[in-house]
Every structure is written in structure tokens, then in C-alpha cells.
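The model shown is predicted, which means the values in this text are computed figures rather than measured ones.
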Amino acid sequence: MSEAISTVIVYADLHEFTGEFPDSYKQEWESSASIERILELLNELGEVAELVTTPKDLLEKLNQYSSLGFKDRPVIFHLMEGFRSRNREALVPATAEFFGFPHTGSDAFAQNVSLDKNLTKIFAKSLGIPVAPGFSIEYETRKNFVLSKEVVFPCFLKPSGEGSSLGIGEKSIVQNEKELRSLTRDLPEEYFPYLVEGYLSGSEYTISVMGSSKSGYRASRAGRLILREDLKVEEVYGEKTKSKSAMPETLVFDCPVERELFLQEQSLSFCKALGTSGPARLDWKCDDAGEPFFLEINLTPGLSPFYSTFPICYRQGLGEEKSLFSEILMIARSEWESPRFLYSKLKTNSILSKK
């Protein structure tokens, strides 16, 4: 055990990481500059933070710090995005809970729900939160799916389990059934299932929510997403736009008061019902009449101080840069006292030790 015992282990996927997989798999991964700044902020808060970037390295750290008492164990700061798994955003929380380490962000259950856009919409609809009508298309049924009677054209087609606009482009706006069937037949298997929903042509908003069931929840102001004309690379908020090489998106905080209150109330209602912990970013889009509909929730939102929308919204009503990371850690350590960690805390004695 080294003399300087870490209080925070940051597990992050770095955009600069090189591996035997397509660059598109790294679309959601953070830049090295962003992670370095996050580490600086954590150290400025009085933490001793270290970075881990591979499963093997994380396993070694868990083994190393398992000799510490539960109260002395470091917090695992969850910045993993992964790829090609519906469990990818839940892997760190599940690992931390199983091995008895506090972690930032929501638990594995909430993470899995949030990653599935179709399941998230079903959950939201059950709460009375407005969602655009839609349905899911599996890879096996892409050639003979039954068109939902609820969907009207034009519609919008997007992967149900991806973020950072992966699999989304100008072809995602579909004008009729013939075009939809032709398009789904040729889509790559890696992005299925796809979600088909009524196209919303109005303004798009994003809101940051911070909190937990124990500490309560707070919502930021609603930021309206716009694409700068001088940097625009496509007419939709798609994969090209979200590429870290372009990044023409920006937020404007000019949401009408009544609409903003609605978005805040509905976002808080969703987070309370799902039992989220720490940061949550909720995206909304309006129809041509200005009525807002829930799109998705992201429980591993980007935290880059340079370009991520969650910190930008957080600074609009919730706090400044340092308080964001201080609050994330405070909630993680508070959540550490919840019953879901009892299994790892209490099941510590082996049969051999009783002989």
C-alpha cells in the first residue's frame, strides 16, 4: 500500500485511447484535457485523486484498497461510457456495489433504464410525462415490423441504446413508410434496436438535475440548444455535430418562464420516481405548437468543464464549477450508507475463517 492513499479513483474512457475498434465507439469518451481538469478540481477540493482507464487497472485498485476498512475506501468516480453493451453505463456502479466501494452517479438499475430510450419513454409515460408516440424496431424484425398506428409522418429514427447522437444524421428524419422500411433494412446491426417516434420540429431544451432520494433534488434552468451557423455541419443534432472536432452546439437560456417551470417540475418528477443519484441531464423537444415532450435522460452526462452541457446548465442556478464536483462526491458518500451496500459490507467472512 502506497503512503498516499487515494480518496477518489476516477475511472474514465479517454477519447485519445487507441484500440482495435472503430473511432465511432469513442464518440462519448472524454478528452484527456477534460479529465486532467477534473482531476485538478478534485485535488483542489482536498481529495487525492488518481486516474484508471482500463478494467484490468480498476480490478488491481479494487484489490489494493479492499484491505482498507469500508469507511476508508476511495470513491470510484464514474466516467465510463464503454460501447456495444446495454449494460455499459451500469458496469462501474454494479462493480462498486458488489465489491463494497462508494461510487458517483446513479445505481446500476437506473443506469440501465436510462440507457434504453424506449424503456425510458415507457417509464416516463407511466408517470404522465408527455412523450412523442413511437415504437421500437429490433434487428430481427427490421424487414417485417408492424408499423404502430400512433406514429405519424414525418417521423424520427434513432438508436435506442446510444448517446452522443450516434447513428443519427439527416436521414433520420423519415417522410413516409416506404422510406422507413427501405432505411431500416440497410442499417448496421450494431445500432439496433432503433426507436421510431413522431418528429418534433420545435426547440430542444436540456436541464441538469442534481440530487438523490436522500438529499432531495434540484433542477437548473433550461438551456435551449442551437447550432452555430458558421460551424454547422448538418441540419439535425446528429453524429457529425456531436463529434469533438466540430462542436457547433451552444445553449441559450431564454426559455419562457411557464415552459421552464414545466420542464423543471417534470424533470424532477422523473428523477424522484427513478431514484437517480448525483448528476442527471434530461433532454426535451417541442412540437411546432411549442408543446414540450420528453426525449431522454442521461445519468452519465459529460462533465467536461470545457464543452459539456451538464456543467453549463448546472452553473445556471445550481452552483459553480467546484461545487459541482463537491456535490457529486457528497451524494456518493451519503449513498454509501444506503441499504444496497449492506450485502458487500456484511458478507465479509468466509467459511474457512470459521474453522
Grab the two heavy atoms, one from [X] and one from [Y], that are nearest each other, plus how far apart they are.
X	Y	answer
T104	L329	CG2-CD2, 4.1 Å
Q264	I207	N-CD1, 3.7 Å
P133	V151	O-CG2, 4.1 Å
L263	P292	CD2-CB, 3.7 Å
S34	Y307	OG-OH, 3.3 Å
L200	D287	CD2-CB, 4.0 Å

Does [X] use its side chain to pair, donor to acceptor, with the backbone of [Y] at less than 3.5 Å?
X	Y	value
S334	M330	no
R221	F253	yes
E320	S323	yes
N87	A90	no
K125	A132	no
E260	A222	yes
S67	Q64	yes
R88	E81	yes
T184	R142	yes
K345	F70	no

R73 to F101, cation-pi by 6.0 Å centre distance and 45° axis angle = yes
Checking [Y] against [X]: is there a side-chain donor and acceptor pair closer than 3.5 Å?
X	Y	result
T7	E47	yes
S106	Q111	no
R259	Y205	yes
S267	W284	yes
S277	S212	no
S66	N63	no
S172	Y199	no
D288	S201	no
E30	S304	no
E296	T120	no
Y343	E97	no
Y25	E190	yes

Within the 4.5 Å heavy-atom criterion, are [X] and [Y] side-chain neighbours or not?
X	Y	answer
E16	S31	yes
V75	W336	no
I5	D72	no
M210	I328	yes
E327	Y314	yes
L274	F123	yes

* Parallel, tilted or perpendicular: which describes the rings of F83 and F21, with under 30° parallel and over 60° perpendicular? -> tilted
Sequence neighbours excluded, the answer for ring-ring contact (aromatic ring centres under 6.0 Å, His included) partners of Y139 is F192
Is the shortest side-chain N to carboxylate O distance from [X] to [Y] below 4.0 Å?
X	Y	result
K322	E44	yes
E197	K285	no
D254	R224	yes
K71	E337	no

Self-check item: Verdict with reasoning, K56 to E60, per salt bridge (Lys or Arg N to Asp or Glu O under 4.0 Å)
Solution: CA-CA 6 Å; K56 178 178 180 293; E60 290 177 354; 2.8 Å; yes
Show, in sequence, the C-alpha distance, side-chain angles and deciding distance for E162 and R84, and conclude whether the salt bridge (Lys or Arg N to Asp or Glu O under 4.0 Å) test is met. CA-CA 9 Å; E162 295 293 345; R84 296 300 303 274; 5.9 Å; no
Run Y194 and E138 through side chain to side chain donor-acceptor pair (under 3.5 Å) and show every step you take.
CA-CA 7 Å; Y194 270 80; E138 303 291 335; over 6 Å; no
Worked verdict on S220 versus Q316 for side chain to side chain donor-acceptor pair (under 3.5 Å)
CA-CA 6 Å; S220 72; Q316 295 289 325; over 6 Å; no
Nearest 0.5 angstrom please: [X] [atom1] to [Y] [atom2], how far?
X	Y	atom1	atom2	answer
F325	E40	CZ	CD	11.0 Å
L227	E204	CG	CD	9.0 Å
S326	L45	OG	CG	5.5 Å
K272	T276	NZ	OG1	10.5 Å
L59	T54	CG	OG1	9.5 Å
T53	M80	OG1	CE	11.5 Å

Within a 6.0 Å radius of atom [atom1] on [X], are there more than 12 heavy atoms belonging to other residues, nucleotides or ligands?
X	atom1	value
R340	CZ	yes
F153	CZ	yes
D23	CG	no
E258	CD	no

For S160, the side chain to side chain donor-acceptor pair (under 3.5 Å) test, sequence neighbours excluded, returns D116
| query | Should V92 and I76 be marked as a side-chain contact (heavy atoms from CB on, under 4.5 Å) after you check the CA-CA gap, both sets of side-chain angles, and the distance that decides it? | reply | CA-CA 8 Å; V92 167; I76 301 177; 3.8 Å; yes
Check for me, please, whether F109 and I297 land in the same ILVMFWY cluster - side-chain distances under 4.5 Å, paths through other members count. yes
Go through the steps to decide whether F294 and F270 satisfy the test ring-ring contact (aromatic ring centres under 6.0 Å, His included), and finish with yes or no. CA-CA 10 Å; F294 172 75; F270 189 100; 5.0 Å; yes
